[in-house]
Participant: 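This is the structure, below, for whatever I ask next.
The first residue of the sequence shown is numbered 1, and numbering continues consecutively from there. These figures come from a predicted structure and were not determined experimentally.
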Amino acid sequence: MEKKVLRPSPTAILNLRLDINFKAIFTQGTKGSDLALQSFLSSVIGRKIKRLKLTENEPAASSPSQMQMSFDVSVTFDDGEKAAIEVQGRDREYDFAVRSEIQAARLLNNNAKKGGQWKAGKVYQISVLNFHYKKGDKSELSWYSMRDKSGNELSDKLNVIYIDLLSIKKLVGTPVESLSPLQKWGLFLSYADDERETDYIKKIAKSEEGIMEANRIAKKMSDDDAYWFRQNSIDTYWRDYYSELEAVKKKGLKRGMQEGFQQGRIEGIQQGRVEGIQQGRVEGIQQGRVEGIQQGRAEGAMQKAEETAAKMLKMGMGAESQISQITGLSLERVKKLKEQLAKA
């Protein structure tokens, strides 16, 4: 039987904006991978980082009631400061700012030292976003810390940083010598998998040793079908998810219109046919959308998420916590699926 080739072309590079690929670049445990991570972090926080070490990316909860969380990459600097780095390819439906603050607070809590004084090294929660966090703010980098209404800083210990790839990627084609280190990294992550920009990415890599190492790692990873299997599985999951979501939206809209007209007719007898139909449309559409989306998520997206998780478990692709993060399933559900597969 002929082996199925998962790589789109002999020179195709993996999508580095996908969290599992992004994480793999910086967690190889090699000199080159560490150099890439040092270079990336230095470009973000604006200072040289001499040494760092990878740390547990799933910090232990301090109490049974505290939520468990994981980071794509977690590191400690040689001076005791900590950073958690992650990439977000899609704008999710939860409050991203609250999530970032909770993650940063957990980092700071874990970095607090015992003793008679309140001491803790700085912490950085760094998110690489492939979308605009705020529609009106298209800054390449947004840095948040605790301040009062006048702008006075309470402390410099807790820092939340967002990198906007959509803003940086517009710089493609800019002479490499005119780019900042952060812009170079943003363009590399945005276009490493775009074969139309291969020559441009080579120039960027040659100008920055850390990006050169990251590029070498990405090429080596891209020779491995296992990475393509994981990427293709995730892509399939999201395509199915959004296709089904669009379908239930249309179904909800149609149902909402029908219910709206019915309700509008009834209320129109009392308040006037025009007002009744208008109100019926609005309320019906809203109700239909909510019910349709909820039903679609429960019946469609959950099924696809479980199918993807099952495939990854069978192939041994990643830890249970990674599969949970990729598919959106709870860690408990992933463990249950694993048990079911073992009994089958």
Participant: Closest heavy-atom contact between Val160 and Ser100?
Facilitator: CG1-CB, 3.8 Å
Participant: Ignoring hydrogens and angles, tell me if any N or O in the side chain of Glu140 forms a donor-acceptor pair with the backbone of Gln183 under 3.5 Å.
Facilitator: no
Participant: Indicate yes or no for a side-chain donor-acceptor contact from Asp78 to the backbone of Leu52 under 3.5 Å, with no hydrogens or angles considered.
Facilitator: no
Participant: Say whether, by atom type as modelled, one donor and one acceptor occur between the side chain of Ser42 and the main chain of Ile49 under 3.5 angstrom.
Facilitator: yes
Participant: Going by salt bridge (Lys or Arg N to Asp or Glu O under 4.0 Å), Asp79 matches just one of Lys48, Lys122, Arg47, Arg51. Which one?
Facilitator: Arg47
Participant: May I have the step-by-step check of side-chain contact (heavy atoms from CB on, under 4.5 Å) for Asn130 and Val87, ending in yes or no?
Facilitator: CA-CA 8 Å; Asn130 199 34; Val87 64; over 6 Å; no
Participant: Lys220 vs Arg216, test: side-chain contact (heavy atoms from CB on, under 4.5 Å). Steps then yes/no.
Facilitator: CA-CA 6 Å; Lys220 185 176 180 180; Arg216 288 173 181 164; over 6 Å; no
Participant: With the side chain counted from C-beta on, respond yes when Tyr227 and Ile20 share a heavy-atom pair under 4.5 Å apart, and no when they do not.
Facilitator: no
Participant: So which of Gln103, Lys82, Arg99 actually passes side chain to side chain donor-acceptor pair (under 3.5 Å) with Gln125?
Facilitator: Gln103
Participant: Once the angle between the rings of Tyr144 and Tyr133 is folded into 0 to 90°, is it parallel (under 30°), tilted (30 to 60°) or perpendicular (over 60°)?
Facilitator: perpendicular
Participant: For Leu166 and His132, work out which heavy atoms get closest and say how close.
Facilitator: CB-CE1, 3.6 Å
Participant: Answer yes if Phe188 and Met212 sit in the same cluster of Ile, Leu, Val, Met, Phe, Trp and Tyr residues linked by side chain heavy atoms under 4.5 Å apart, and no otherwise.
Facilitator: no
Participant: Answer yes or no: are there more than 12 heavy-atom neighbours, outside Lys169 itself, under 6.0 Å from its atom NZ?
Facilitator: yes
Participant: Atom OG in Ser222, atom CG in Asn21: separation rounded to 0.5 Å?
Facilitator: 7.5 Å
Participant: Counting C-beta onward and ignoring hydrogens, is there a side-chain heavy-atom pair between Thr198 and Lys202 closer than 4.5 Å?
Facilitator: yes
Participant: Ignoring hydrogens and geometry, is there a side-chain-to-backbone donor-acceptor pair from Ser145 to Asp156 under 3.5 Å?
Facilitator: no
Participant: Short question: side chain of Ser33, backbone of Ile25 - any donor-acceptor pair under 3.5 Å?
Facilitator: yes
Participant: Checking the side chain of Asp164 only, and the main-chain atoms of Lys138 only, is there a donor and an acceptor separated by less than 3.5 Å?
Facilitator: no
Participant: Can any side-chain N or O of Arg17 pair as donor or acceptor with the backbone N or O of Ser190 at less than 3.5 Å?
Facilitator: yes
Participant: Just checking, any donor-acceptor pair under 3.5 angstrom between side chains of Asn152 and Ser150?
Facilitator: no
Participant: Examine distances only and state if a side-chain atom of Arg7 and a backbone atom of Trp228 form a donor-acceptor pair shorter than 3.5 Å.
Facilitator: no
Participant: Please walk me through it: do Asp193 and Leu16 pass side-chain contact (heavy atoms from CB on, under 4.5 Å)?
Facilitator: CA-CA 7 Å; Asp193 60 328; Leu16 303 185; over 6 Å; no
Participant: Whether the side chain of Ser39 engages the backbone of Leu35 through a donor-acceptor N/O pair (distance < 3.5 Å, no angle test) should be reported.
Facilitator: no
Participant: Any heavy-atom pair between the side chains of Ser139 and Tyr162 that's under 4.5 Å?
Facilitator: no
Participant: Quick one: are the ring centres of Phe26 and Phe40 less than 6.0 Å apart?
Facilitator: yes
Participant: Does the salt bridge (charged side-chain N to carboxylate O under 4.0 Å, His left out) test come out yes or no for Glu213 and Lys31, once each step is laid out?
Facilitator: CA-CA 9 Å; Glu213 293 298 333; Lys31 182 178 179 180; over 6 Å; no
Participant: Do the side chains of Ile168 and Trp185 get nearer than 4.5 Å, heavy atoms only?
Facilitator: no
Participant: Calculate, to the nearest 0.5 Å, the distance between atoms CD1 and CD1 belonging to Ile161 and Ile126 respectively.
Facilitator: 4.5 Å
Participant: Does Thr11 form a side-chain hydrogen bond (donor to acceptor under 3.5 Å, both in side chains) with Glu195? I'd like the steps, not just the answer.
Facilitator: CA-CA 8 Å; Thr11 58; Glu195 295 190 274; 2.5 Å; yes
Participant: When you compare the side chain of Val75 with that of Phe77, does any pair of heavy atoms fall below 4.5 Å?
Facilitator: yes
Participant: Does Glu177 reach the side chain of Ser207, with side-chain heavy atoms less than 4.5 Å apart?
Facilitator: no
Participant: State the CG-CD distance between Leu37 and Gln28, to the nearest 0.5 angstrom.
Facilitator: 11.5 Å
Participant: What's the shortest heavy-atom distance between Leu337 and Leu329, and which atoms?
Facilitator: CD1-CD1, 4.0 Å
Participant: How close do Lys219 and Ile13 get, counting heavy atoms only, and between which atoms?
Facilitator: CG-CD1, 3.8 Å
Participant: Within a strict 4.5 Å, meaning less than it, do heavy atoms of the Leu18 and Arg230 side chains meet?
Facilitator: no
Participant: Might you point out which heavy atoms bring Leu107 and Ala83 nearest each other, and give the distance in Å?
Facilitator: CD1-C, 4.2 Å
Participant: So which atom in Leu187 and which in Val172 form the shortest heavy-atom distance, rounded to 0.1 Å?
Facilitator: CD2-N, 3.7 Å
Participant: Evaluate side-chain contact (heavy atoms from CB on, under 4.5 Å) for Lys157 paired with Val123, printing each intermediate quantity in order.
Facilitator: CA-CA 6 Å; Lys157 302 300 181 185; Val123 298; 5.9 Å; no
Participant: Does Lys335 form a salt bridge (charged side-chain N to carboxylate O under 4.0 Å, His left out) with Glu332? I'd like the steps, not just the answer.
Facilitator: CA-CA 5 Å; Lys335 290 181 178 178; Glu332 291 74 15; over 6 Å; no
Participant: To the nearest 0.5 angstrom, please state how far the CD atom of Glu81 sits from the OH atom of Tyr124.
Facilitator: 3.5 Å
Participant: Should we say atom CD of Glu209 is surrounded by more than 12 heavy atoms from elsewhere, each under 6.0 Å from it?
Facilitator: no
Participant: Does Ile45 share a hydrophobic cluster with Met146, counting links as ILVMFWY side-chain heavy atoms below 4.5 Å and allowing steps through other members?
Facilitator: no
Participant: Does some side-chain heavy atom of Lys23 sit less than 4.5 Å from a side-chain heavy atom of Thr27?
Facilitator: yes
Participant: For Lys184 and Ser43, what are the C-alpha separation, side-chain angles and deciding distance, and is it a side-chain hydrogen bond (donor to acceptor under 3.5 Å, both in side chains)?
Facilitator: CA-CA 9 Å; Lys184 291 178 182 179; Ser43 77; over 6 Å; no
